[in-house]
Amino acid sequence: MSNVVTRFAPSPTGYLHVGGARTALFAWLLARHEGLAGKFLLRIEDTDLARSTEQATVQLLEDLKWLGLHWDNPDSLVYQSKRKNVYNRIIEDLIARDLAYKAYETSSELDALRKAAEREKRTFIYNRPTLTPDQVRQYESENRPHVVRFSMPVKDYSFRDVVLDKDIVLPAGQVQDFVIRKTDGMPTYHFAVVVDDAEMGITHVLRGQEHLLNTINHIALQHALEYPRPTYGHLPIIMNTDGSKMSKRDRDKMIRQRAQTWLKTYKKSPEDIAAAASLAPSRINDWISDNSKQLDLSEQSAIMNVIDLQESDLPEILVHDFRKNGYLPETLLNFLALLGWNPGGNRERMTVDELVQLFTISGIGKGNARFDRAKLLAFNTEALKEAPTDRLVQAMRDFVNANPDSPTSRATDEQLATLIDMKRGIRTLRELDEATRFFFIPDDAIAYDPAAVEKNLNKNNNEGAAFLREIRNILANVADWNAPALEHALQSYCAQRTLNLGKVAQPIRVAITGSTISPPIFQSLEFLARTSTLARIDRCLSLL
RNA sequence: GGCCCCGUCGUCUAGAGGCCUAGGACACGGCCCUUUCAAGGCCGCGACACGGGUUCGAAUCCCGUCGGGGUCACCA
């Protein structure tokens, strides 16, 4: 016996984005808060045959699993596309009871009516046309394409919203008959939701505020079908920092902008990009000049390679983006929960179990919230600092799985553990990856940053290079190759010559990493081992 | 534009008529620590959208204005 049954009902058009993730999280928390008396169900809303893909469903499920939002119907996932017959039976029944009817206007006819209404500055309300029996017979006999509309009783509607904590009222003048079955025979969202929520025994519907007024349609339908009315709560919307609505398109937009600048800077043509990325020139041409065109993920990454745009340069919008950029799922959940909900008082950092325990609908806010990545980053930094090493090894494994091109993917678990302890203080797993990937690059493949070489080796009459040559011989003869011994050897070298440690550490750093940045130098040397260290120093000196 | 929702520091928020000289976190500024990059420590800046009521007393209740968002699809 479950007292609370919630659901998440995404439509499979791509990876899960943070808005959807938060909706899922709240529905999940509401159910889990009830313990055994709560159920969280998943339903795939794929009634839009043109936009839904199987691949997107797979991605969606993977994202939810990564977040740890497990659903209670893993063996009986509801796919709306497979329930056409169920919906049709109910729709035929509604038609028979004259609560719904076939409507024969085409989309373009309706568009024209809407435009006309707009020109005359009045609100378009659909009116059921009166068809003569002859017309009906004729349309039926010629099998004319049609939709089915629900005959919406004209009256004032109201329902209780538990998030907003108020009654939402829509006056009779605002209601109109709406489509419940499309020309292609599939039910619309409004119809499928109502039927499925009822059949799945959903008691609480938590969804985005963009659905607030849709609920009026849904309760009218429930009344006609004699379904119970679930409890409704509409969540505030997550916005970008600039106040615009957060959308999957933000990434595509950014890539397009950068591609356009790239074209200008290097005086190239879209065809050049297409060729370098091995994509169809026409496709790239369309995309680059048309904001409404969107690339898929593999096309995006091909183009990013060409114009040298990093994953971390893009705004994270999708759950998958956060995974690729090295955020911990439990931190993302914590942050997302706080975007529009809080347990009261000064409580902010919470484990998933604590979220479950503390979650209440009354703690959900009413206003839209802006997504502030800086704060998420701070949360992630803190979580990364506190997490035990084995948790981070596991997280790092997941990170490199999501980023198979990284050299760090060659690391063993033992090596990952060492890297993690060597470089506490990172903000994301990507930072750890970027700070330590030089270990896993072949010695002769280190790329030397000219500015780093100039500053630390060439400046002041090749002072740094001279130090490096002397240090090379010291390192070659250190008895024990471990951090304390290496530190001791180099500190005494510095003491002899009255040098700051920085004077010798930086040239070594440049030699082994190619840059001026690395984890603490002695631990880095220990990790690299003597052979690689000397090989890199020798190669570096030979390149000067 | 009609309808609907919302309105506390730059951002997320605490706040249920006196505990508010409005608290916390992030961001920002300064100082400290430091072999690089970080991380860390300390200090600081900073808000009740506005105008009317109600009340002994209002960030909290009511009205209006302004501002933000949503929605007006055979997309969900």
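A note on names: the letters A, B, ... follow the listed sequences, proteins ahead of strands, and every chain is numbered from 1.
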Distance test, side-chain N/O of Lys423(A) to OP1/OP2 of C37(B), below 4.0 Å: no

Assigned partner base of U65(B), Watson-Crick or wobble definition, under 3.5 Å: A49(B)

Who pairs with C42(B) - Watson-Crick or G-U, where each distance is under 3.5 Å: G30(B)

Expected output: side-chain Arg373(A) to main-chain Glu316(A) donor-acceptor under 3.5 Å: yes

Flag, side chain of Asn500(A) to backbone of Gly502(A), donor-acceptor distance under 3.5 Å: no

Sugar-phosphate, base or nothing in reach of Ile168(A), heavy atoms under 4.0 Å: sugar-phosphate

Partner nucleotide, any strand, of G2(B) [Watson-Crick/G-U, under 3.5 Å]: U71(B)

Options C12(B), A76(B), A27(B), nucleotide nearest the side-chain atoms of Glu348(A): C12(B)

Sugar-phosphate only, base, or nothing, as touched by Arg149(A) at under 4.0 Å among non-hydrogen atoms: sugar-phosphate

Sugar-phosphate, base or nothing in reach of Val147(A), heavy atoms under 4.0 Å: base

Sugar-phosphate, base or nothing in reach of Val169(A), heavy atoms under 4.0 Å: sugar-phosphate

Phosphate-side-chain proximity, Arg51(A) and C74(B), N/O vs OP1/OP2 below 4.0 Å: no

Sugar-phosphate, base or nothing in reach of Pro520(A), heavy atoms under 4.0 Å: base

Test: Arg229(A) cationic atom under 6.0 Å from Phe159(A) six-membered ring centre, within 45° of axis: no

Length of the line joining Arg349(A):CZ and U13(B):P, which is rounded to integer Å: 17 Å

Backbone N/O of Arg144(A) and side chain of His146(A): donor-acceptor pair under 3.5 Å: yes

Side-chain N,O (Arg370(A)) to OP1/OP2 (G10(B)) below 4.0 Å: no

Sugar-phosphate, base or nothing in reach of His234(A), heavy atoms under 4.0 Å: nothing

